[in-house]
Number of protein chains: 2
Amino acid sequence: MVLFKPEQKDTAVLRLSRLTDYAVVVLARMGEEATALQSAPGLATRTGLPEPTVAKVLKTLAQAGVVEGLRGARGGYRLAKPLPDIPLTEVIVAFDGPIALTACVDGGSGLCESEHLCPVRGRWDPVNTAIRDALEKISVAELAGHALAPAEADFRLAAE
Amino acid sequence: MVLFKPEQKDTAVLRLSRLTDYAVVVLARMGEEATALQSAPGLATRTGLPEPTVAKVLKTLAQAGVVEGLRGARGGYRLAKPLPDIPLTEVIVAFDGPIALTACVDGGSGLCESEHLCPVRGRWDPVNTAIRDALEKISVAELAGHALAPAEADFRLAAE
DNA sequence: TTAAATAGGACCAATCAAGTCCGATTTCCA
DNA sequence: TGGAAATCGGACTTGATTGGTCCTATTTAA
């Protein structure tokens, strides 16, 4: 059901990519038959989302290890673990990149090429960790309920 | 000194507009002489930032009530309150809009036109409030120290 | 051997933000 | 009283980023 409306203009600080939204929808569908092997075209028709988009989402999710992809005829995708065990952060990171306020990922990793040029390093850490903690407590399953239950009709509507 | 590097490609979930960054730099400068009336051109030369940009930043800050603008010749801007009393959220909201995960601002306000299409409403609230709380604890003054101290040289460098 | 599926990119169009600029208004000063 | 120096408000252009599609290679079952 597309968790946030695409048309909405107001840019909040926390902008998730639309793919993230689609991912939750697709995962919710897969969660209905958690152990079954489901193909991208099949999931596309069942969610009502365009097939190429669903394929892209699944490829990304497979790379992230959230789902498991099996190639070849009769291939498909399968949840790597049950929905309640998938924290939202895993999905978000897969599509939107690291969860952090600035471009510099905080702490440890020495990715910041010019550390002496980036005096804010570490200052935003409390904020970043607070955000991660909050997100980590929410599993995909918790959103999946909303993503499916009465939303089936709404979903088609919103995705036109 | 430009708190995050513009060139950095990796798009994190939390994307602050660059104006927000500039705002902190400008505010830091103003904080050095908190009570003085300072003009946009003057602050531009003192920060090394392009004048039109500084003007835009100050206009936005004035609208938000963070600074006070006095028109006419010998006019200028003045801090509405000391730096330590300005929470970061105030600056962020001014430039980046409401601090929320989705386009829907959570809770209360009935802005979401089609509430029945947005079943996630309320679900993200804990996340949103956690983020706000974390940001509210940080004042501009805390960043200002870093934004000025050894950063003067770095700043010009990063802003090329 | 063929068909059906994933895997991995390349590619194009549309949207959004950054930055600049202009006109209107206000106020001080000579 | 006129001119200069500011703020104020918005329009506009350019560049980057995202969303979405498509194409080719690879794998595997029938």
Side-chain angles (χ1 to χ4, degrees), chain A residues 2 4-13 15-23 26 30 36-45 49-78 80 94-97 103 159-160, chain B residues 2 4-13 15-23 26 30 36-45 49-78 80 94-97 103 159-160:
Chain A
V2 178
F4 45 92
K5 301 190 298 312
E7 306 82 13
Q8 199 112 357
K9 271 286 177 55
D10 77 0
T11 59
V13 181
R15 264 175 297 180
L16 296 185
S17 90
R18 202 173 302 180
L19 277 299
T20 309
D21 189 28
Y22 296 151
V26 171
M30 297 182 71
L37 203 57
Q38 315 203 40
S39 72
L43 282 167
T45 57
L49 289 174
E51 195 261 322
T53 301
V54 172
K56 188 176 196 173
V57 165
L58 285 168
K59 279 185 278 188
T60 306
L61 286 174
Q63 277 185 330
V66 176
V67 302
E68 180 189 6
L70 298 184
R71 308 176 67 163
R74 306 284 177 187
Y77 294 92
R78 183 190 302 148
F95 290 94
D96 300 272
E160 113 242 311
Chain B
V2 179
F4 45 91
K5 303 190 298 310
E7 306 82 14
Q8 200 110 0
K9 272 287 177 55
D10 76 0
T11 59
V13 181
R15 265 176 297 181
L16 296 186
S17 88
R18 203 172 304 180
L19 276 299
T20 309
D21 189 27
Y22 296 152
V26 171
M30 295 182 73
L37 203 58
Q38 315 203 40
S39 72
L43 282 168
T45 57
L49 290 174
E51 196 260 321
T53 302
V54 172
K56 189 175 195 173
V57 166
L58 286 168
K59 279 185 278 189
T60 306
L61 287 174
Q63 277 185 331
V66 176
V67 302
E68 181 189 7
L70 299 184
R71 307 178 67 162
R74 306 282 176 191
Y77 294 92
R78 184 190 301 149
F95 291 93
D96 299 273
E160 112 244 312

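As the structure is a computational prediction, the values presented were derived from the model and not from experiment.
With rounding to the nearest 0.5 angstrom, the CZ atom of A:R18 is 10.0 Å from the OG1 atom of A:T53.
Between B:G69 and B:Y77, the shortest heavy-atom distance links the atoms CA-CD2, 3.7 Å. B:L37 approaches B:R74 most closely through the heavy-atom pair CD2-O, 3.6 Å. The two residues B:F95 and B:V57 come nearest to each other via the heavy atoms CZ-O, 3.8 Å.
Judged as a side-chain contact (heavy atoms from CB on, under 4.5 Å), and not counting sequence neighbours, the contacts of A:P52 are A:P50. Residues that satisfy the side-chain contact (heavy atoms from CB on, under 4.5 Å) test with B:A80, not counting sequence neighbours, are absent from this structure.
Spacing between atom CG of B:D21 and atom C1' of C:dA18 amounts to 13 Å, rounded to whole angstrom units. A straight line from CZ of A:R78 to C1' of C:dT6 spans 14 Å, rounded to a whole angstrom. Taking atom CD of residue B:E68 and atom C1' of nucleotide D:dC8, one finds them 15 Å apart after rounding to whole Å.
For the pair A:Q38 and C:dA5, the criterion of a side-chain N or O lying under 4.0 Å from OP1 or OP2 is not met.
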Please convert DNA chain D into dot-bracket. A pair counts if it is Watson-Crick or G-U wobble with both distances under 3.5 Å; crossing pairs go in [ ] and bases paired with another strand get |. ||||||||||||||||||||||||||||||

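Across all strands shown, B:A40 has heavy atoms under 4.0 Å from sugar-phosphate atoms exclusively, and none from any base. Here A:L58 lies out of heavy-atom contact (under 4.0 Å) with every strand.
Within the structure, salt bridge (Lys or Arg N to Asp or Glu O under 4.0 Å) pairs that include any residue of residues 51-64 of chain A do not occur (at least two apart or interchain). Sorted by first and then second residue, the salt bridge (Lys or Arg N to Asp or Glu O under 4.0 Å) pairs with a member in residues 61-72 of chain B read B:E68-B:R78; sequence neighbours excluded.
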B/S/- along nucleotides 19-30 of chain D (protein heavy atoms under 4.0 Å) is SBB----BBBS-

